[in-house]
Each structure stands twice: as structure tokens, then as C-alpha cells.
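Please read the structure below before turning to the comments.
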Amino acid sequence: MTFSILVLFGLLLSFPLVFGQDEEKLLLAIGRELRLSEWGLNSSGYCSWPGVGCSNHTMVERLDLSGLGLQGNITLISELKALKWLDLSYNNFHGSIPQAFGNLSELQVLDLSFNKFGNLIPVELGRLRNLRSLNLSDNLLNGAIPNELEGLEKLQEFQVFTNKLNGTIPKWVGNLTYLRVFTAYENDLSGEIPNNLGSVSQLQLLNLHSNLLEGSIPESIFAMEKLQVLVLTQNKLTGSIPPSIGNCKGLSNIRIGNNKLIGNIPKEIGNVTSLTYFEADNNNLSGEIASEFAQCSNLTLLNLASNGFSGTIPSEFGQLINLQELIVSGNNLFGEIPLSVLSSKNLNKLDLSSNRFNGSIPKEICNTSKLQYLLLSQNSFRGEVPHEIGNCIKLLELQMGSNYLTGSIPPEMGHMKNLQIALNLSFNHLHGPLPQDLGKLDKLVSLDLSNNQLTGIIPSALKGMLSLIEVNFSNNQLTGPIPIFVPFQKSPNSSFTGNKGLCGEPLSLCGNFNGSNRLGYHHKVSYRVILAVIGSGLAVFVSVTIVVLLFMLREKQEKASKDAGVGEDENNGKPVIMAGNVFIENLRQAVDLDAAVKATLKETNKLNTGTFSTVYRADMPSGMILSVKKLKSMDRTLVHHQSKMIRELEKLSKLCHNNLMRPLGFVVYEDVVLLLHQYFSNGTLAQFLHESSNKPDYKPDWPTRLSIAIGVAEGLAFLHHVAIIHLDISSGNVLLDSNYNPLVGEVEISKLLDPSRGTASISAVAGSFGYIPPEYAYTMQVTAPGNVYSYGVVLLEILTTRLPVDEEFGEGIDLVKWVHGAPARGETPEQILDARLSTISFGWRKEMLAALKVALLCTDSTPAKRPKMKKVVEMLQEITQ
């Protein structure tokens, strides 16, 4: 009896050990399938492997493999029966979601978002009775949301956005008692929003934008008064806004634009005291604008554009001290501009265009010191433009066209030195001469003074508008010769017609315009056009010049410091390292930080120079070779914020993707920052295209180039998914490993050198010559569509083997303009491609032409027309299918 008890007790003691051995074998098998090389290296046990979490040191309860760029079969994971948390987001998993995941009965969190899972959502997931969070977003899932998922009664978060789901939203979603978050935007869902949605739940966030939903907004959504975010834009919703919306006092974000809603905005909106954003543009709403908005003291943005609102802007809006954007364009509003609104010190954008506003423009128009966008066009404003307009010193865009303004153009407009996007005074009754002070607007891109009664000459002082691209002086009473200035002569005739007394290019020649002057004119045009195209506008060129001069000054100062022995160790003459680390533990023994610093002090180690950094080869004593990037900080921002910089670098070191370079470590000495990376002997994509391909032994290989193009696109798409906008996309910032797999570099720059800080290092220009999107010349903002444009230039390089900027294109032409201008030159698409590739086979040529279409879309001059990087990846992958 006693012996039997002891045996049984021994078996019970050994059970965890046996079970643990099974778990370890299973994890090793999963690791082999997913190529997790770090699993199994840690001798302290599988529970300490990266991404693995256990209970009682045996049972695997948590598996977090997000953001590792993984692919392969994941079905084996379903054998981890104790699993409560499974996160496989931000990887490259394909195929169907394993049905076997329905066997993970203990699972509470399942996150498969940002992968490439396709086909239907498995009905077997409905067996996960303990599931609290289900995220299948940003995949390729199709079909309807299965009714079998209604068994997920404990679900608190249900997210399936950005897929290809169709059908209706199941009614069972509204029966989820604990549901707090439901996001299904960017799908093809149709039908009505379930009437019971929110009636028995704790719903806080509902985002269904960009679907095909019809019917009205259910009142039940607001019944529990818990809703905080409501996004229903870009659907086909009808009916009116329910008054019950006022029940949700914690509602901060309401976006219901681009639907077919009718009726008034209910007065109950004033009860939503937490309201920050309210967007209801592009609907059929009517009546007067609810003055009760004034009770929403936190309101930051109010967008009611393109509706049928009438009446005036409530004077009570002056109470909205946090209001930054008031957009009411495209309505039937009238009356004068309320002075109370102009008193708002935080107002950034005031858009009253396309209404029936009348009265004069008040001299208090610039009382708000932060105003950047003033849009008053297509109204009935009368009287003179007040001289106080010059106080709008932060204005980026001024639109006053199509009104009844009289008097002369105030010379004080020349004080608005930040005016960049546009100055439009067209279709008014302005008279008198053009003020010479307008020439001080050296950032202005578009000037339209057409259809007025302006007299006198076009002052030569306007040649100070160095950034000017578009100009229109037509239909006035101007006289004399048109000043010799690139933007003028490159404009169409229509920009100057309707002025009987004007002469000179682009109109007919003036009587005293002799051959000598003409020669001098062409010399100036040639010189300035070259500068304009290289910098995507003279404004950018000037900015770049400043950067270069500052950098040269910095280099000179650094050299003087080194000569004087500043910052060097008195004993051995080496710079003193202030901080440094290697993020990957098993590389710490192989990396010598002093050797990395020493390598950057020798010009012979220099590999290449980019916009933001210089890259050196560094041979470690261990035999390892590193690529060391020396940042061109030109200020001490990074050094003074070391802790923040280190945190960002550590995050980026864990941001794994097959097509992204991640930092291995860093070094800081004096005010210099070095970033350590893996060294790639195949160099950059630029070297591969423009150096290696010109060698006698070059062998044409289109499949490799297409693979590189897809890889770069996938890397950028991943960055955009994690909300990182790249600052310098170019072929010189794409590295190639031994298998010619591309890795996008300079990712750290976007996180370390934040353009919003306005630091000297990047505020002047972001990007390399030839890759900068055209809109950057006037917005000075780096955006995702801008990234797409830069990628399009890289893709054109891959297809044509031509440089982004080349004298062979002709005066004022870069690679993008050269390609887009082919039809006008009478050239076929085949003539654009690298003939060494396109003539090898019909199949190659067909694929190259398909890729050319993608490149043309990416380099569209209108940012909104460019595809997203995720779509670019899909289009390129379809080429080989």
C-alpha cells in the first residue's frame, strides 16, 4: 500500500518533466518550420526563448512572434494546448488560417493581423469560447463573416479591417455582451448596420469606414452611452443623425462623411462634451449649423463641407478656444466672417470657399496667429483687401478668387514670407499696379492674378519668387515686356493673354528684343531649369545648398577640433566614446566599438555618402565586417536626447522584416552618432544598376531585378503599416545581400531625425536628388504618397537602367518626365525599357511592360492618385502569376 502510494507520487512528480520535454520538442519543430534560429540556443530552457511565455515553467501559455518577417506552416502551433495568447501579426504568412486553431480551447488572444492570409475565415474559430480578442485585420480574407463565430461570447475586441470580406455584418455581433472594439473598415461589407449593435454591449469603438453599408445609423449604437469613437465614412448610409448621439458624453471622434445622410445636425450634439473631431462632409445635410457645437469645448476639427447648410456661422463658435480647423466649404452659408471665430488663437485652417458669404474681409482677419490656410474663394466678398493681411505671417495658402474685391493689391502681402502653396486673387475687380513686394514671396509655388483690371508692367522684382511653378496674369491691362524669368517663359501663352500691351516670351517678341538679348535669355533659362529639375523646384535647391554649406562648415569645424585634439583621450589620441551598445547578445563579443569609431576616421574606408549619412566599412578584430553609418546630424539634438535615441534604436533593432536593415548597435562620441549594421558585399542597388550592369561580363537578368523591386516594395509597405514614413528612398539606400535580396536602409533616420522638430539636419530637404516628389517643393512634408513616388523612381531605374537625373534627357527633364513624355516624343513603351533585358524574351518584355505601368502610377504628379505601397506589392506580385 505504502509502496503503491510512493510510486503514484513519483509518477505525478515526473509528469511536468515529461510534458515539458514534449513542449520543447514541439517548439523546436515549430522553430525549424519558421526558421527561428535563436530558439534552442538558450540553455536556461525553452520558457526563456524569444517570444515564449510559460506558466509553472512548463506549459507554454504565450507565443509572441510578431514583426519577424516569418513565413511557413503554422499548423503545429495548434498542438500547444495550454496557449492563451498567440500573436503572429506583421509577418508574411500565406494561405488559409489553419482550421486546427479552433482546438486551442484556452486561447484568449489571437492576433493574425498584417499578414497575407487568404480564403475564408475558418468556422472552427467559433469553438474558441474563451477568446477575448480576435484580430484578423490587413490580410486577404474573403467571403462573409461566419455565423459560427457567434459562440465567441466573451469577445471584447473583434477586428477584421482591410480585407476583402463581403456579405453583411452578422446580427450576432450586436449580441456580444462584452464587446468594446469592432473594426471592419476597408472591406466590401453591404447591407445595414445591425439594429442591435451596441444595445447589449460595452461598445467604445466602432469603425466601419470604406464599405458598401446602407440604411440609417442605428440609435442602439448610442444606447449604452459608452461609445468613444464612431467612424462610418465612405459608405452609402441614409437617414438622419439620431438625436440619441447626445447620450454619449464620452464620444470624442465622429466621422460620418461621404455618405447620403440628410436632415439637421441634432442640437443634442452639444451634450457630447468630449467631442474633439466631427466630420460630416460630402452628405446631404441641411438646415442651420448647430450653435450647440460651441458647448463642445474640446472641439479641434469641424468639417461640414459639401452639404446643404444655410444661414450663418454661429457667433458662439468664438468660444471654441481649441478649434484648429473650421471647414464649411460647398454649402449655402451667407453673412460676414464672424469676428469671434477670428479671435480663436489656435485656428490653423479656415475654409469658407464656395458659399454665399458677403460683406468685406475684416482687418482682424489675421488676429489668429497660427492661421496657415485661409480659403475664401467663390463667395460674394466686396471691398478692398485689408492691408492687415500682411500680418498673416504663417500663412501657407491664400485663396480669394472669384469674389467682388476692389482696390489694389496691398504691398503688405509681400510680408507673408511663408506663403508657399498658392496666392489666388483671380476673378475679382482689382486694379492698379503689381506691388514689387510680391517678389519677396520666395517660397510661393502658384500665383494667379488673372481676370482683374491690373495695370502697369510686371515688375522685374517678381523674379525673387524663386519657387514659382504656376503663374497666371491673363485678362488684365498689363503692359510692357515680360521679365526674363524661367517660370514666366516656361508658362503657356494663356498665362499672359488678354493683356494687349504685354510682349516678350512666351508671347510675341518685343520690338527691341534682339538676337544678343535672346542668347542671354536662353543661357539663363538653361542654367535655372537645370537647377529647378534637380531640386524639384528652386526652393528645394536653395535649401539643399544651405544644407551642403552647413555640412561643409561642420566638417571644417570637426577637422579643426581633431587637429586641436578636442574630445580625444590624452593617452592614446582616440575619441572618447560617451555611449554605445550592441543589441544582439551573441554579437557583443565580435563587435569592437573602438574599431568602429577608428574606421570612420579613414577616408579609405568610405563606402558611400547619402543625404543624411556617410557609410564606412569597419573590419573587427574578430574577423567580422560591419557597415558603420555616420549621421550628419549638424546639430546636437541626438546627443542631447540620448535616452530617447537609444529607445528608438532598440525598438528598430526588433523590427524584423526580410527587406529592412535593422541596426545592430550604436556609438556616440562628441556630437557624433554612429549606427552599426551588417555589411553586404554586393553593395547598393544603385551600384548594381549603374556600375555592375555596365561591365563587359554583365549578364541580363530581369527576374532578379523584378525580385528586387518586389522586395523593396514589401519593405516599404511594412514600414507604412507600422506608421513609419521613410525620409530618403533611393537606389543608393537599398542594400543587396549575397543572394541579391534587397534591404531598405536609412530606416532609422525617420525615427531619429524627426522632420516635425525642424532640426537643421533635415528641415531643408528630405530625400535625394531625382527622387523627391514634386509636391515637396511647396508642402515641405514627407508623406506616404511621397514615398510611393520615390519608389516609382527606383522602379523606373530598374526598368530603364538610367539615372534619375541625366543630361541626356535634355534641358529641364528628369527620369520621371522623360518616361511620362515618351508618347509626346513618338516613342513606344518598349523603347523606354533597357533593351538588353526586354529583347531577351517575349515573357520578360511582357513583365517589364506590366511593371512600367506600376511605375507610372507611382509617379503620378497628383499624390492622391498614387497607389498605396501595399497595393504596389500586390500589382508587382501579380506580374509573375
Side-chain angles (χ1 to χ4, degrees), residues 270 275-278 281 288-305 309-407 409-410 412-425 428:
L275 191 61
T276 304
Y277 297 98
F278 188 92
D281 55 308
E288 294 189 356
I289 297 175
S291 60
E292 285 77 12
F293 273 116
Q295 300 170 26
C296 306
S297 59
N298 294 314
L299 193 62
T300 301
L301 180 145
L302 178 60
N303 185 353
L304 304 176
F309 290 110
S310 57
T312 61
I313 295 178
S315 59
E316 292 89 341
F317 279 15
Q319 302 170 24
L320 297 171
I321 59 174
N322 293 307
L323 190 63
Q324 295 179 18
E325 295 191 19
L326 177 59
I327 306 170
V328 293
S329 57
N331 283 285
N332 296 309
L333 300 169
F334 56 86
E336 298 190 1
I337 302 175
L339 295 181
S340 60
V341 174
L342 298 177
S343 65
S344 177
K345 298 301 181 184
N346 289 303
L347 194 63
N348 174 271
K349 182 173 184 177
L350 178 62
D351 187 356
L352 309 181
S353 58
S354 301
N355 278 285
R356 294 188 291 122
F357 286 105
N358 47 34
S360 61
I361 297 174
K363 61 182 180 181
E364 295 88 354
I365 192 70
C366 296
N367 276 6
T368 170
S369 59
K370 295 183 179 180
L371 194 64
Q372 291 185 306
Y373 302 90
L374 179 58
L375 313 177
L376 306 177
S377 59
Q378 295 184 336
N379 279 288
S380 299
F381 289 114
R382 300 178 181 273
E384 297 187 0
V385 179
H387 290 265
E388 288 79 5
I389 195 74
N391 296 331
C392 292
I393 56 174
K394 291 191 177 181
L395 214 58
L396 299 176
E397 182 177 9
L398 176 59
Q399 299 280 357
M400 291 184 169
S402 299
N403 281 287
Y404 299 100
L405 298 172
T406 57
I409 298 176
E412 286 82 2
M413 280 191 168
H415 299 169
M416 299 184 293
K417 296 282 290 180
N418 286 310
L419 206 60
Q420 295 179 20
I421 299 172
L423 170 57
N424 187 348
L425 301 174
N428 280 288

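The heavy-atom pair separating Glu325 from Leu347 by the smallest distance is N-CD1, 4.4 Å. Here the shortest heavy-atom pairing between Leu423 and Leu419 reads CB-CD2, 3.8 Å. In terms of heavy atoms, Leu405 sits closest to Arg382 at CD2-O, 3.9 Å. Scanning all heavy atoms of the two residues, the minimum distance from Leu371 to Ile365 falls at CD2-O, 4.1 Å. When all heavy atoms of His387 and Glu412 are compared, the pair lying nearest together is ND1-OE1, 2.8 Å. Minimum interatomic distance between Gly270 and Gln295 (heavy atoms only, all atoms of both residues): O-OE1, 3.3 Å.
Side-chain contact between Leu299 and Phe317 is absent, with no heavy-atom pair separated by less than 4.5 Å. Residues Ile361 and Ile389 fail the side-chain proximity criterion, which asks for heavy atoms closer than 4.5 Å. Residues Asp281 and Ile327 have side chains not in contact (no heavy-atom distance under 4.5 Å, counting atoms from C-beta outward). Side-chain contact check for Leu396 versus Tyr373: some heavy-atom pair is nearer than 4.5 Å. Counting heavy atoms from C-beta outward, Asn358 and Tyr404 have side chains that stay 4.5 Å or more apart. Residues Leu352 and Ser329 fail the side-chain proximity criterion, which asks for heavy atoms closer than 4.5 Å. Using a 4.5 Å heavy-atom cutoff, the side chains of Phe309 and Asn332 are not in contact. Taking the side chain as every heavy atom from C-beta outward, Glu397 and Leu375 approach each other to under 4.5 Å.
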Requested in this report: Please test Ser344 against Asn346 for side-chain hydrogen bond (donor to acceptor under 3.5 Å, both in side chains), starting from the C-alpha separation and ending with a verdict.
Outcome: CA-CA 6 Å; Ser344 177; Asn346 289 303; 5.5 Å; no

**Report entry** Steps toward side-chain contact (heavy atoms from CB on, under 4.5 Å) verdict (Glu388, Cys366)
**Finding:** CA-CA 7 Å; Glu388 288 79 5; Cys366 296; 5.9 Å; no

Requested in this report: Any chance you could lay out the side-chain hydrogen bond (donor to acceptor under 3.5 Å, both in side chains) test for Gln399 and Ser377, step after step, and finish with the verdict?
Outcome: CA-CA 5 Å; Gln399 299 280 357; Ser377 59; 5.0 Å; no

Requested in this report: With side-chain contact (heavy atoms from CB on, under 4.5 Å) as the test, would you mind laying out the steps for Leu323 and Ile321 before giving the verdict?
Outcome: CA-CA 6 Å; Leu323 190 63; Ile321 59 174; over 6 Å; no

Query raised in the report: Step by step, would you call Leu350 with Leu342 a side-chain contact (heavy atoms from CB on, under 4.5 Å)?
Result: CA-CA 9 Å; Leu350 178 62; Leu342 298 177; 4.0 Å; yes

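A side-chain donor-acceptor contact under 3.5 Å links Asn428 to the backbone of Asn403. The backbone N or O of Ser353 sits less than 3.5 Å from a side-chain atom of Asn355, completing a donor-acceptor pair. A distance-only check finds a donor-acceptor pair linking the side chain of Asn418 to the backbone of Ile393 [under 3.5 Å].
Here Cys296 pairs with nothing under the disulfide (SG to SG under 2.5 Å) rule; sequence neighbours left out. Listed by chain and number, the residues in a ring pair (Phe, Tyr, Trp, His ring centres under 6.0 Å) with Phe278 are Phe293 (sequence neighbours excluded).
Taken from CG in Leu395 to CE in Met416, the straight-line distance is 6.0 Å, to the nearest 0.5 Å. Distance check, rounded to the nearest 0.5 Å: CG of Leu304 to CD1 of Ile313 gives 9.5 Å. Going from atom CG of Leu320 over to atom CG of Asn298 covers 10.0 Å, rounded to the nearest 0.5 Å. Put simply, CG on Asp351 and OG on Ser354 are 8.0 Å apart, with the number rounded to the nearest 0.5 Å. Taking CG from Leu339 and NZ from Lys363, the interatomic distance works out to 10.5 Å, rounded to the nearest 0.5 Å.
For the residue pair Gln324 and Asn348, no side-chain donor N or O sits within less than 3.5 Å of a side-chain acceptor on the partner.
Figure legend: Arg356 and Phe334 shown without cation-pi pairing, the cationic atom not lying both under 6.0 angstrom from the six-membered ring centre and within 45 degrees of its axis.
Listed by first and then second residue, the side-chain hydrogen bond (donor to acceptor under 3.5 Å, both in side chains) pairs that reach into residues 310-322 come to none, sequence neighbours excluded.
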